[in-house]
Protein chains: 2
Amino acid sequence: MLVNENIIKYFYTREVINIISGSNMPESMKLSLLSDMNRHNALAMVSFAGSGHLGTSFSSSEILTALYHNIMNITPENFQERNRDYFVLSKGHAAPGLYAVLASVGFIPEEQMLTFRKLDGLQGHSDIKTNGIDTNSGSLGMGLSKGKGFCWFLKSRGLQYKVYVLTGDGELQEGQIWEAIQTANAMDLNNLIMIIDHNKMQTDLPLNAILNEANLKTKIEAFGWDVFEIDGHNMDEIIAVFNEIKYRQQKPAAVICNTIKGYGVSFMQHNYPEAKNDLYLWHGKCPDTTEYKKACDEIYDRIMQQLNGKSGININKPFPMLIEPKKKDTVKTVVNGFSDGLVMNLDRNNNIVILDGDLAESCGLNTLRENRCDRFIEVGIAEQDMISMAGALASTGLVPVVNTFTSFLTSRANEQIFNNSTEGRKVVYAGHLAGLVPAKPGKSHQGIRDISLLASIPGIIMIEPSCYREVIDALDFLLHAEVNSGYLRISHAQSKRVVTLPDNYIFKKGEGCILEDGDDLTIISYGPVILGELLLVSEYLKEKDIHARIINLPWLNFISREWFTRNVFPDKPLFCVENHYYLGGQADCILRLLADNYNAYDLEHFHSIGIHGFGQSGDDEEILELYGLSAGRIFKYICQCLEISI
Amino acid sequence: MLVNENIIKYFYTREVINIISGSNMPESMKLSLLSDMNRHNALAMVSFAGSGHLGTSFSSSEILTALYHNIMNITPENFQERNRDYFVLSKGHAAPGLYAVLASVGFIPEEQMLTFRKLDGLQGHSDIKTNGIDTNSGSLGMGLSKGKGFCWFLKSRGLQYKVYVLTGDGELQEGQIWEAIQTANAMDLNNLIMIIDHNKMQTDLPLNAILNEANLKTKIEAFGWDVFEIDGHNMDEIIAVFNEIKYRQQKPAAVICNTIKGYGVSFMQHNYPEAKNDLYLWHGKCPDTTEYKKACDEIYDRIMQQLNGKSGININKPFPMLIEPKKKDTVKTVVNGFSDGLVMNLDRNNNIVILDGDLAESCGLNTLRENRCDRFIEVGIAEQDMISMAGALASTGLVPVVNTFTSFLTSRANEQIFNNSTEGRKVVYAGHLAGLVPAKPGKSHQGIRDISLLASIPGIIMIEPSCYREVIDALDFLLHAEVNSGYLRISHAQSKRVVTLPDNYIFKKGEGCILEDGDDLTIISYGPVILGELLLVSEYLKEKDIHARIINLPWLNFISREWFTRNVFPDKPLFCVENHYYLGGQADCILRLLADNYNAYDLEHFHSIGIHGFGQSGDDEEILELYGLSAGRIFKYICQCLEISI
């Protein structure tokens with residue numbers, strides 16, 4: 001455990017928070033001070049974790065602080081009861097902000113803030129593992145529906161409590177939100193309060209670059225809701241509106257809080273509309289040590305300025321934190337290959353068009369978006385709309401490449417992908433953040449079900465490339481050689497050993513290549529992460545005088561029988577290792593190949609290693625170790641199967 | 001082929017249609033007459049098929065007729081080109097209406113109308129297999145996004161054409177529609193026209209029972225669209241509004257067409273608001289012979305009345321059709337078991353609450369909805385909202401049972417089901433219309449990917465019961481014995497042989513039962529359809545002196561190893577037959593069991609039969625035959641594997 005007493009010095013502690021809470025300052029002044037302290041604590045959390053979402057944690061700090069310290073009836077004491085208010089953080093990436101507030105009211109020990117995004121710690125997106133949280137989030141758009149569930153429960157039991165749901169404004173692009181809005185009034189949910197953190201920024205683009213004329217109030221009122229609009233950083237307005245609703249609510253109510261993304265730290269703020277056309281940098285960026293100190297100082301100075309003038313209370317500045325600089329990839333990654341490959345192919349083929357779900361920056365496509373806007377469709381946070389649009393584009397003869405995180409792509413838009421496939425037209429689906437790592441964002445973002453989710457759609461060819469060179473080949477294959485739709489599974493993780501493909505390797509449908517040769521057993525896998533581990537496993541095995549044939553097989557659901565027979569020993573152990581749930585991935589495909597094509601294959605040779613259970617946040621190394629996918633664990637498993645002592 | 005010249009007499013033929021088109025009547029009168037002829041032809045199609053959607057085909061008949069005969073630039077001659085208008089039928093169940101119109105303008109030979117819902121014929125929901133159709137539909141909410149794709153294409157190529165998308169009003173409950181609406185204006189799609197068939201009825205309930213005060217115009221205008229509202233049965237208004245838009249469109253435009261569901265046949269009409277609280281019967285009902293004749297007469301009389309007064313043209317009444325009465329199930333079905341079981345359990349357990357996605361009638365829950373409205377939440381056509389609501393209800397300690405067709409449940413709401421599972425609370429998902437048959441609705445409705453879609457969500461227990469008795473047991477198990485979430489896979493097909501469970505069979509987690517014993521080989525399956533076929537297969541095999549052990553194993557993803565070892569011969573052929581895509585179903589689960597638990601299982605014993613490719617419309621028997629799941633085909637496959645001559 002990383003925590004010790006000194007480390008708590010990085011935060012405004014509960015001791016300080018209680019001094020403010022217990023003072024005789026006006027309520028709105030207290031809450032403003034607490035907001036800034038929570039803002040700092042969110043900053044410290046993200047800095048210590050090395051990643052996390054500051055922009056939204058800052059824009060919602062006043063709202064969250066007011067809700068928990070003044071408005072809602074949810075306390076550590078009544079949380080296990082059902083006769084209380086409910087709160088749903090629908091924009092789950094504001095988790096640091098929420099955790100800070102939960103710590104400030106005593107739901108979680110303050111030292112837990114240091115566990116943010118660490119193994120067994122506070123999850124990257126808000127999660128019920130944490131005391132005080134009622135719902136899991138991370139994938140946008142679900143929270144209002146959850147809120148409706150709580151509302152229905154409270155009303156059915158005659159309980160006079162409220163349900164508060166905090167959403168983003170970009171999040172409103174998710175259709176599910178509008179499903180939820182539409183029927184709330186008819187369901188008579190006059191205990192539902194949707195709070196919109198209207199910071200007017202998407203991940204990196206302004207909201208209005210995607211939506212145009214976003215008059216939220218008119219939109220939501222059209223569905224029969226009562227809609228209020230306030231300054232989301234003004235405590236008096238916040239308190240007033242929620243009190244108004246608390247005592248006079250007749251209908252589902254929405255509170256549009258006009259906020260500023262990154263509010264409270266001058267250089268992290270996006271001062272929309274002045275800076276309208278700038279890309280916003282602080283959506284998911286972690287500060288360096290200098291930035292961190294500067295931000296701390298600013299917040300502390302503001303707190304002291306407020307305090308000195310009115311109360312005479314003095315508090316210490318939290319200890320400055322040293323932030324480890326991020327290791328930079330020295331070689332070109334799979335993600336680099338994807339963007340470079342796209343650019344090359346856009347030049348070659350005029351029919352290619354790219355669709356993105358507000359993740360261009362995260363997927364390395366910002367430059368492409370800027371330079372090739374004639375071929376780039378930014379659809380916003382609306383995966384279903386994006387996929388069906390792509391389907392129609394495909395049927396006009398274009399070749400659409402769809403771009404988003406795979407956990408959203410393959411699940412939320414699954415029926416739309418299926419529908420496109422029934423039309424027999426070609427779409428290339430690029431699923432980012434595939435696999436168990438990077439693990440810090442947690443289970444909503446870990447793409448470990450994707451292969452199984454597409455496996456029963458006839459025709460889709462799935463590929464996970466292992467390195468820069470292979471993603472270029474794979475993209476070229478899917479865009480030009482293949483007639484069916486394709487799924488490009490893209491890992492964003494750093495590989496322990498970089499995969500180097502044999503010089504004579506030709507990327508060919510259904511065929512892999514041998515990365516290390518040996519004749520005692522075969523190990524098959526795909527992608528940079530696991531193959532990187534396997535190169536180490538090979539070394540460990542050699543120390544035991546066991547020589548493994550390590551095979552890179554990028555084809556996840558289509559394997560050449562002829563190639564397989566040529567390269568895999570039929571009567572020696574075979575290990576399939578996958579960066580996917582243990583069912584429904586490449587191992588099942590190999591098992592099928594064996595069952596369908598081999599007359600007398602003895603299953604005792606077949607072994608597979610895959611992920612069991614749900615993903616979770618943590619450092620990549622510790623997560624791979626925990627889930628049995630580190631070189632050490634794979635080696636151990638192989639030795640166990642072969643009955644070799646370690 | 002069922003078609004012969006006489007049979008065409010059931011329709012208003014193109015000859016007649018051309019007489020009207022070529023006459024010198026006023027345009028709106030012509031179009032009105034043609035609408036009625038198309039209305040009749042849709043009626044004949046549905047009657048001949050034995051199923052299909054009349055209510056919506058009738059409410060949209062004037063709109064569709066006007067679009068194809070007067071407004072749109074889409075003809076059989078230019079359809080293969082890209083410089084033309086596009087039409088998307090988003091409410092794909094209005095397919096009979098669309099097919100009638102396509103036949104009337106020469107896209108398809110009129111005799112093709114007799115192939116509706118038959119093998120190799122016109123699909124139950126509109127499909128690009130049919131000439132003149134650009135997109136596949138069936139699952140609601142995708143059409144507007146497809147329309148946006150076409151719009152983007154036309155604009156990117158500088159083509160001055162329009163894209164017309166016909167949606168339902170209930171369909172607007174699907175979130176994807178609002179994803180599409182939100183960004184259309186910012187994308188500058190001033191060639192997009194959404195036409196809403198505002199017939200104010202859902203499947204069987206009035207729209208306002210679900211939505212409350214549905215002011216569509218205000219809602220859509222709030223998103224920056226131009227919105228027009230007309231009488232959707234008045235030809236003058238229809239022509240006027242589309243001409244207005246065609247020549248002066250600046251923004252995405254919506255045309256709200258106020259219509260009457262079942263319009264044009266007095267006893268099929270729902271005269272909302274007068275009959276507001278009546279359940280509507282003609283959403284998906286096929287008339288009997290008397291009703292059919294009465295409807296024909298009404299339409300014919302109206303046509304003649306219009307004609308006689310003004311043109312002197314005379315036409316013959318289409319030949320009356322005899323409709324085969326539907327066979328009624330004589331024994332209680334799985335669907336009966338589901339509704340009876342729910343009622344029993346509602347009485348026993350106050351925590352159970354049911355959520356429905358506008359399919360209560362189709363799923364046998366109408367009576368329950370009426371009698372137990374305190375425990376029944378009608379969420380409308382909004383699967384994602386429904387599933388997340390259920391998740392929240394589960395976390396309050398309630399036991400939600402979610403009810404919809406499984407093809408929508410397991411794909412469209414997949415990420416929401418996953419999210420619920422990450423919270424570890426129990427939801428019972430009832431997935432209706434599971435399996436390949438009933439096949440008439442076609443591939444959007446055939447639930448053959450469901451098992452694979454849920455298989456990689458840790459913890460969900462999946463069961464397909466084979467008969468009334470077993471569904472009662474399964475429901476009881478999922479509601480009371482099991483702590484995890486459960487998936488109840490419900491077949492709506494008629495079984496060739498009714499499954500009778502052994503008297504001493506105890507429903508136990510992971511264990512099945514022997515329906516017929518034998519010691520030459522084992523055949524494992526689940527559910528009423530395939531087990532029904534297998535009882536026949538067993539007889540066929542006996543004639544060859546082969547004695548098969550037929551096992552009913554309702555557990556789709558959880559199998560007791562101990563039970564399996566006791567009941568399946570390890571060294572004799574094993575056949576897994578499944579009513580699911582060949583990958584990702586029970587057979588894969590069995591293969592895994594063999595791989596993980598048997599030290600030396602020879603794969604030559606293992607055989608599996610499952611569905612390859614996409615589903616399609618057809619009579620159940622012919623579809624089972626085509627996909628290799630009829631008793632005859634299963635028998636043949638077994639003989640082939642065992643090298644037995646037939």
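Letters A, B, ... are given to chains in the order of the sequence lines, protein chains preceding strands, and every chain is numbered from 1.
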Please check if the side chain of B:Q123 supplies one atom and the backbone of B:H125 the other of a donor-acceptor pair under 3.5 Å. no

Engaged part of [X] at the chain A interface, taking heavy atoms whose separation is under 4.5 Å:
{"X": "B:D450", "result": "neither"}
{"X": "B:F408", "result": "both"}
{"X": "B:M386", "result": "neither"}
{"X": "B:V88", "result": "neither"}
{"X": "B:R412", "result": "both"}
{"X": "B:L453", "result": "both"}
{"X": "B:D134", "result": "backbone"}
{"X": "B:A587", "result": "both"}
{"X": "B:D374", "result": "backbone"}

Top residue by heavy-atom pair count (under 4.5 Å) with chain A, among [options]?
{"options": "B:E604, B:Q416, B:R449", "result": "B:R449"}
{"options": "B:T396, B:L454, B:N414", "result": "B:T396"}
{"options": "B:I611, B:I381, B:T410, B:I457", "result": "B:I457"}
{"options": "B:T183, B:I177, B:N419", "result": "B:N419"}
{"options": "B:T218, B:D188, B:L603, B:D385", "result": "B:D385"}
{"options": "B:L583, B:N420, B:D588", "result": "B:D588"}

Qualifying residue for side-chain contact (heavy atoms from CB on, under 4.5 Å) with A:L140, from A:E174, A:Q173, A:Q176, A:E383: A:E174

Part of [X] lying under 4.5 Å from any heavy atom of chain B:
{"X": "A:E221", "result": "neither"}
{"X": "A:N350", "result": "backbone"}
{"X": "A:S421", "result": "both"}
{"X": "A:L594", "result": "both"}
{"X": "A:L591", "result": "both"}

May I ask you to check whether [X] and [Y] show a side-chain donor-acceptor distance below 3.5 Å?
{"X": "A:S395", "Y": "A:E423", "value": "no"}
{"X": "A:S456", "Y": "B:S452", "value": "yes"}
{"X": "A:N136", "Y": "A:K129", "value": "no"}
{"X": "A:S156", "Y": "B:R375", "value": "no"}

Testing the basics here: between B:E179 and B:K148, what is the closest heavy-atom pair and its distance to 0.1 Å? O-NZ, 4.0 Å

Chain B interface, residue from A:G613, A:G391, A:G380, A:G224 that has the most non-hydrogen pairs under 4.5 Å: A:G613

So B:Y582 and B:H612, would you call those rings parallel, tilted or perpendicular, with 30° and 60° as cut-offs? parallel

Parallel, tilted or perpendicular, judged at 30° and 60°: which one describes the rings of A:F153 and A:Y86? perpendicular

How about B:F418 and A:F614: are their ring centroids closer than 6.0 Å? yes

How long is the span from the CD1 atom in B:I181 to the CG atom in B:L172, to the nearest 0.5 Å? 6.0 Å

